[in-house]
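Let me begin by presenting the structure, written as C-alpha cells, before commenting on it.
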Amino acid sequence: MQPDRTAELVRLLRQRILILDGAMGTMLQHCKLTAGDFRGHFHDHAHELAGDNDLLVLTRPDVVRELHERYLEAGADIIETNTFSATSIAQADYGMEREVHAMNVAAARIARAAADAWTARTPDKPRFVAGVLGPTNRTASISPDVNDPGARNVTYDALVAAYSEAIAGLVEGGVDLLLVETIFDTLNAKAALFAIETFFAKAGARLPVIVSGTITDASGRTLSGQTPEAFWNSVRHVKPLAVGLNCALGAALMRPYIEEIARIADTFVSCHPNAGLPNPMAETGYDETPAQTSALLADFAKSGFVNIVGGCCGTTPEHIAAIARAVATLPPRAVGEDVPCPA
C-alpha cells in the first residue's frame with residue numbers, strides 16, 4: 001500500500017484549492033482509436049472490445065499515459081486512474097471479467113508513474129493519484145423492469161465482491177486515495193464503501209477516500225431519489241476526506257446542489273462538473289468552453305463552496321488549465337480543525 005498521504009493532502013487543502021483532472025472517456029473518443037487498439041494482444045477473444053476504454057491500460061497504455069501527462073501539465077494536483085468501468089460487473093459486457101485485477105493494477109501504475117515524474121519536476125507541487133471506482137452499469141435500488149418494481153439485476157453482495165477486486169488492484173498499483181464517483185445509486189456506493197472499509201481493516205492501514213455523487217437532473221436528486229443532504233447523511237459515516245458532486249450537469253445547473261453540500265458537510269468539498277450539457281455540434285461534444293467552465297467554478301470558489309475542483313465529461317486539458325488559473329488566488333472553503341478525515 002502506498003504510504004498514507006492524508007496529512008499532506010489535508011495540509012494542502014487548507015492552503016489552496018486543489019485541481020482534479022478532467023474527462024478521460026470523452027478525451028479517448030477524440031483519439032480516434034481503432035478496434036485493433038482496443039483488442040491489442042487479445043486476438044482470440046470472442047467478444048467485441050471496441051469502446052472498452054478501461055482495457056486500454058493493457059492494450060494502449062501509451063495513450064492513457066499521454067492523457068495523464070496532458071492533465072498534469074495543465075496543472076492537475078490529482079489525476080484519476082482510467083478505471084471507471086474496471087469492475088467484473090461492468091466488464092461482463094465485454095467478457096473481460098478475468099482481466100479486472102490486471103486492469104486496475106496497470107491503470108494505477110500508469111498514473112503513478114506520470115504523477116511521480118511530475119512531482120520530481122515540481123517538488124513544490126506534489127501530485128496524487130486517485131483510484132477511481134465507478135458506479136457500474138447496474139443499480140441495486142431500482143428495477144430494470146417497469147412491470148416488476150421488485151426486480152433487481154445485481155445484488156449488494158455481488159457489488160461488494162466486484163468493488164473488493166478493483167480496490168485490491170488499485171492499491172497494489174500504488175494509488176494515494178480512492179475516489180467513489182458518479183454515484184447515482186447510494187446503495188451501490190454503500191457497497192463500494194463497505195468493500196473499502198473491509199479492505200482497510202484487513203490491511204491494517206488506510207488511504208483517504210473521496211465520495212462524489214451525481215444529481216441527475218433539475219429535480220435535485222440522484223437517480224435513486226436522494227437529495228444532496230440525504231446523500232451526505234448516507235455516506236458521512238465513512239469520514240471521507242472530501243464529499244462532492246460530479247457528472248450529469250454542468251456547473252451552472254449544479255450550483256444549488258454543491259452549495260447545499262458545502263453548507264452541511266463537515267469535511268472538504270469537491271466538484272467536477274461536465275463541460276455543460278451534451279452538444280454534438282461543439283468541438284468537445286459539450287456546450288462549455290474552458291473560459292465558461294472556469295468562470296463558473298471560480299464563482300463556486302469565491303462563494304466559499306469548494307476545496308477541490310476539476311472536470312468530468314467533455315472537459316479537456318484546456319478546461320483544467322483554465323480552471324487552475326481561475327482559482328489560483330482564491331481561498332479554499334474553510335473547514336474546522338476537527339475535520340473527520342481518516343487517520
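These numbers come from the heavy atoms of this one structure, side chains and all, not from hydrogens, waters or symmetry mates.
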Rounded at 0.5 Å granularity, tell me how far SG in Cys271 sits from OH in Tyr257. 13.0 Å

Leu297 reachable from Leu253 in the ILVMFWY side-chain graph, under 4.5 Å edges: yes

If you measure from CD1 on Ile210 to CG on Leu20, what distance do you get to the nearest 0.5 Å? 7.0 Å

Salt-bridge test for Asp185 and Arg138: reply yes if a basic N is under 4.0 Å from a carboxylate O, no otherwise. no

For Leu72 and Arg127, the nearest pair of non-hydrogen atoms, with its separation, is O-NH1, 2.9 Å

Can a salt bridge be assigned to the pair Arg206 and Asp4 using a cut-off of 4.0 Å between side-chain N and carboxylate O? no

Grouping I, L, V, M, F, W and Y whenever their side-chain heavy atoms are under 4.5 Å apart, do Leu58 and Val63 come out in a common cluster? yes

Residue pair Glu288 / His319, side-chain donor-acceptor N/O under 3.5 Å: no

May I ask you to check whether Thr83 and Thr81 show a side-chain donor-acceptor distance below 3.5 Å? yes

Paired with Leu18, the side-chain contact (heavy atoms from CB on, under 4.5 Å) test is passed by just one of Val327, Leu9, Val309, namely Leu9

Residues Thr316, Glu318; criterion side chain to side chain donor-acceptor pair (under 3.5 Å); working and verdict: CA-CA 5 Å; Thr316 65; Glu318 291 72 27; 3.1 Å; yes

Would a distance-only check, ignoring hydrogens and angles, find a side-chain to backbone donor-acceptor pair under 3.5 Å from Lys190 to Ser234? yes

Quick one about Arg255 and Ser303 (side-chain donor to acceptor, distance below 3.5 Å, no hydrogens or angles considered), yes or no? yes

Does a sphere of radius 6.0 Å around CD in Glu73 hold more than 12 heavy atoms from other residues, nucleotides or ligands, not counting ones at 6.0 Å or beyond? no

In sequence, state the C-alpha distance, the side-chain angles, and the governing distance for Asn246 and Ser212, and then conclude on side chain to side chain donor-acceptor pair (under 3.5 Å). CA-CA 6 Å; Asn246 75 287; Ser212 184; 2.7 Å; yes

Flag the pair Asp37 and Arg39 as a salt bridge only when some basic side-chain nitrogen lies within less than 4.0 angstrom of an acidic carboxylate oxygen. no

Mind checking ring-ring contact (aromatic ring centres under 6.0 Å, His included) for His30 and listing every partner two or more places apart, or none if nothing turns up? none

Output, in order, the C-alpha distance, side-chain angles, deciding distance and verdict of side chain to side chain donor-acceptor pair (under 3.5 Å) for His68 and Glu80. CA-CA 8 Å; His68 286 320; Glu80 303 168 73; over 6 Å; no

Is there a donor-acceptor pair under 3.5 Å between the side chain of Asn82 and the backbone N or O of Ala107? no

Could you go step by step and tell me if Gln292 and Asp287 meet the side chain to side chain donor-acceptor pair (under 3.5 Å) rule? CA-CA 9 Å; Gln292 291 169 321; Asp287 274 334; over 6 Å; no

Shared ILVMFWY cluster between Val105 and Val129, side chains joined below 4.5 angstrom? no

Between Glu259 and Arg263, does at least one N-O distance fall below 4.0 Å, as a salt bridge requires? no

In this structure, which one of Leu223, Asp217, Ile215 forms a side-chain contact (heavy atoms from CB on, under 4.5 Å) with Ser219? Asp217

Do Leu277 and Ile258 sit in one hydrophobic cluster, given that two such residues count as connected whenever their side-chain heavy atoms are within less than 4.5 Å of each other, even indirectly? yes

